[in-house]
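What follows is a single structure, written as C-alpha cells, with notes after it.
Below, chain A is the first sequence line, B the second, and so on; all start at residue 1. As the structure is a prediction and not an experimental result, all values here were calculated from the model.
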2 protein chains.
Amino acid sequence: MKNVFTFVHMFTLAEENYMKAIFHLEHESAGEVSTNAIAESMATKPSSVTDMIQKLAEKKLVVYKRYKGAKLTEKGKKIAANVIRKHRLWEVFLVEKLNFHWDEVHEIAEQLEHIQSEELITRLDKFLGSPDFDPHGDPIPDKHGVLKRTEKKLLSEIEKNQKGVCVGVRESSADFLQYLDKKKISIGTKITVLGKEFFDGSMIIQVGNQQFFISHKIAENLYVQTL
Amino acid sequence: MKNVFTFVHMFTLAEENYMKAIFHLEHESAGEVSTNAIAESMATKPSSVTDMIQKLAEKKLVVYKRYKGAKLTEKGKKIAANVIRKHRLWEVFLVEKLNFHWDEVHEIAEQLEHIQSEELITRLDKFLGSPDFDPHGDPIPDKHGVLKRTEKKLLSEIEKNQKGVCVGVRESSADFLQYLDKKKISIGTKITVLGKEFFDGSMIIQVGNQQFFISHKIAENLYVQTL
DNA sequence: TTTTATTTTTAGCCAAGGCTAAAATAACGC
DNA sequence: GCGTTATTTTAGCCTTGGCTAAAAATAAAA
C-alpha cells in the first residue's frame, strides 16, 4: 500500500500551521474548535482565522459552519498528523544527534516541520531508528497518521504513595523544562508521591534520593505512567 | 571573536534567494550582475528583479544604479555565503547520513538552507565533522563566509596524457549526475586523458580500467585537480 | 423575554512578492 | 550620428495572509 501522505497538492506554511493548531485543539477537547481558540493558540486575530478556515473549508480540509467553529476532515487530519510527525522526528534528531537540550528544539522544529519531501522523512525516521516518542514524551504519528494512544495520567491525578514514571510534559515552554531539569526530572524519571495537600493540590514527591515540594501547577503539567 | 553571521535582522526567503543568486552570478563573471541574468537564473521576470534589488539596495545589501546592474555589499556577500554554507552542509548531511544520492539532494537543500538558527548550523557542522566540500565537490564557506579557493580546472582544459582527480561538477542537474554515475565517475575518481580532438573538443578518457569517449559538453562541466 | 455581553464575521486596508504592458534608457549597426 | 534592437524600469494589477473597525449572530443575564 502506498504512503497515505503522497498528496498531489502541497500546502502553504500558513495552511499547515492552521491544520496543526486545529488538530491539537481537537485533541484537547473534542468537538468543533472555536475561532477564538484557534486565534489564541496561534497568536493571531479571530478575523484572520475566519478568513483562513473558510479557505480550508473550500479545499475540503475542514468542515465549517458560520458561527459554529471548525473540525478537520479526514484529509485535513492526515495532513496535520504528518506535520506533527515531521516536527517530532526533527526534535528527536536535534536532541539525539545534535545534542540539543529538550528545551531548545521547539522553535527549530517549527521550521523544519514544513520541509517538503516524503523521502526525506522516510529516511530521517529510519536514521533515527523509527522512534515512537519525541524528546518531550509525545507520541510520533506513524506514516499513516496514526497516533499511538498511551496510558498516561497527569501527576496531579495520582494518589499518595503511588509511583509513576515520567512519560511526557503537557506544557513544553523553556521555563517549565528548565525547572524540570533543575529538579532532575526528565523522560523516564521515577517519581513517588509522598504527600498530597487537598487544599491547593501541592505535593511532596521523591525523585531519586531527593524529596521536595511541588505546586499543583507543576503536577498538572507532567505526564506519568503509574507503576 | 563573535560569529560574523550573528545578524540582528532576519531576511525573507525571497531576499535570501536573490542574494544567493547574485553571489553565484558574481562568481561566474566578475563585476555588476545584470537584471536579466538574475531573472534568468531565478526563473522569474526582469521587472520582479528590479523591484527586489531596489529593496535590497535600500537595506544596503547590494549596490545598485539604475540600468547598471547590482553588486553585493560586504554585508550582502556574507549573508549569501552563509546561505550557501547552510545549503552545502545540509547536502553533506543528506548524502552522508541519510544515504541520498548526490543527484537527489539539491531540491531538499534549497528548502533546508533557509532554516534560521545559527546554533543548528554550528552543531550540524560539528556533527558532520566540519566538511570542506559538499557532495558535488563545491567548497563550503566557513562560518565567516570565506570560501576556500581550490586549484581546480575543467577537464576540457587539461592536455592529452595528463591525469586529474575529479573534484567537482560545474553543472549539477540530475541528468548530468546520472550520466556520471553510469560512467562510474564521482568525486575522487582518477581520470586520464588518452586523446583529445581539436575539432570538437571531444576526448577519449580512462576511468578505472574502462576507456571511453566523452563530448566537449561533458568535459567542460567536470572539475579536476591535475596530478 | 428582553437586554447585555461575547463571539464571530464582514468590509476594507496593508505589505510582500509576483505578474503584464508600456515607457525609458542603453547598445549596436551602418 | 541616427535609427533599430535589446535591456531595464515604471505603472498598475493580482494573490496570500495579515490587520482594524464595525456589523451580525449567539450566548448569558436580568
Side-chain angles (χ1 to χ4, degrees), chain A residues 7 9-22 25-26 28-29 31-72 76 79-80 83 110-111 113-114 116, chain B residues 7 9-22 25-26 28-29 31-72 76 79-80 83 110-111 113-114 116:
Chain A
F7 300 114
H9 306 287
M10 291 298 159
F11 301 95
T12 65
L13 204 141
E15 287 169 338
E16 288 193 350
N17 282 336
Y18 271 95
M19 287 189 268
K20 186 181 55 153
I22 296 169
L25 291 168
E26 277 186 26
E28 274 172 29
S29 53
E32 280 72 24
V33 178
S34 80
T35 304
N36 261 7
I38 299 170
E40 200 194 347
S41 88
M42 299 189 67
T44 183
K45 302 291 163 182
S47 55
S48 307
V49 174
T50 301
D51 264 9
M52 182 56 96
I53 58 187
Q54 285 174 350
K55 286 177 202 161
L56 293 177
E58 270 175 39
K59 298 184 182 181
K60 309 277 184 217
L61 298 168
V62 302
V63 177
Y64 166 67
K65 272 218 221 79
R66 277 160 78 250
Y67 295 100
K68 295 293 176 191
K71 213 173 78 173
L72 290 168
I79 294 160
V83 173
E110 287 282 303
Q111 299 178 60
E113 73 190 7
H114 300 292
Q116 311 247 285
Chain B
F7 301 114
H9 304 289
M10 291 297 159
F11 302 95
T12 66
L13 204 142
E15 286 170 339
E16 289 193 349
N17 282 336
Y18 272 96
M19 287 188 268
K20 187 180 55 153
I22 297 168
L25 290 168
E26 278 185 24
E28 274 171 31
S29 53
E32 279 72 24
V33 178
S34 81
T35 303
N36 261 6
I38 299 169
E40 199 193 350
S41 88
M42 299 189 67
T44 184
K45 302 291 162 181
S47 57
S48 307
V49 173
T50 301
D51 263 9
M52 182 56 96
I53 58 186
Q54 284 174 351
K55 286 177 201 161
L56 293 177
E58 270 175 39
K59 299 184 181 180
K60 309 277 183 216
L61 298 169
V62 302
V63 177
Y64 166 67
K65 272 217 221 79
R66 278 162 77 252
Y67 295 100
K68 296 291 176 193
K71 212 172 81 173
L72 290 169
I79 293 160
V83 174
E110 287 283 303
Q111 299 178 59
E113 73 189 6
H114 301 291
Q116 311 249 304

For this session: Look up atom CD1 in I53(A) and atom CZ in R66(A), then write down how far apart they are to the nearest 0.5 Å.
Result: 12.0 Å
Pairs under 3.5 angstrom only: tabulate donor-acceptor contacts from the side chains of residues 33-44 of chain B to other protein residues two or more places apart or in another chain.
residue	atom	partner	partner atom	Å
S34(B)	OG	A37(B)	N	3.0
S41(B)	OG	I38(B)	O	3.2

Exercise. Using a heavy-atom cut-off of 4.0 Å to chain B, what are the terminal contacting nucleotides of DNA chain D, in 5' to 3' order?
Worked result: dT7(D) to dT10(D)
For this session: Mind calculating the distance between CD (E58(B)) and P (dA15(C)) to the nearest angstrom?
Result: 13 Å
Exercise. Does the side chain of L61(A) reach to within under 4.5 Å of the side chain of F11(A), using non-hydrogen atoms?
Worked result: yes
Exercise. Of all of residues 36-52 of chain B, which get a heavy atom below 4.0 angstrom from DNA chain D, listed by number?
Worked result: N36(B), P46(B), S47(B), T50(B)
Polar-atom pairs under 3.5 Å, protein N or O versus N or O of nucleotides 25-29 of chain C: list them with distances, or write none.
residue	atom	partner	partner atom	Å
dT25(C)	O4'	Y67(B)	OH	3.4

Problem set entry | T12(B) side, atom OG1; M52(B) side, atom CE - distance, nearest 0.5 Å | 5.0 Å
Seminar exercise, completed: Overall bend of the helix from dT1(C)-dA30(D) to dC30(C)-dG1(D) (five pairs an end, 10° steps) is 0°
Exercise. Rounded to the nearest 0.5 Å, what separation is found between the NE2 atom of H114(B) and the CD atom of Q116(B)?
Worked result: 9.0 Å
Exercise. For I53(B) and dA16(C), what is the distance between atoms CD1 and P respectively, to the nearest whole Å?
Worked result: 17 Å
For this session: Give the rounded distance in Å between these two atoms: CD of Q54(B) and P of dG18(C).
Result: 14 Å
Exercise. Which value, rounded to the nearest 0.5 Å, describes the distance between E58(A) atom CD and K55(A) atom NZ?
Worked result: 9.5 Å
Exercise. Sequence neighbours excluded, which residues qualify as side chain to side chain donor-acceptor pair (under 3.5 Å) partners of E32(B)?
Worked result: none
Exercise. Side chains of E113(B) and E16(B): does their closest heavy-atom pair fall under 4.5 Å?
Worked result: no
Exercise. Below 4.5 Å, heavy atoms only, C-beta onward: do V83(A) and M19(A) meet side chain to side chain?
Worked result: no
Exercise. Does any non-hydrogen side-chain atom of T50(B) lie less than 4.5 Å from one of Y64(B)?
Worked result: yes
Exercise. If you look at every heavy atom in Y18(B) and L56(B), which pair is closest and at what distance?
Worked result: CB-CD1, 3.9 Å
Exercise. Hey, is NZ on K20(B) packed in by over 12 heavy atoms from elsewhere, all under 6.0 Å?
Worked result: yes
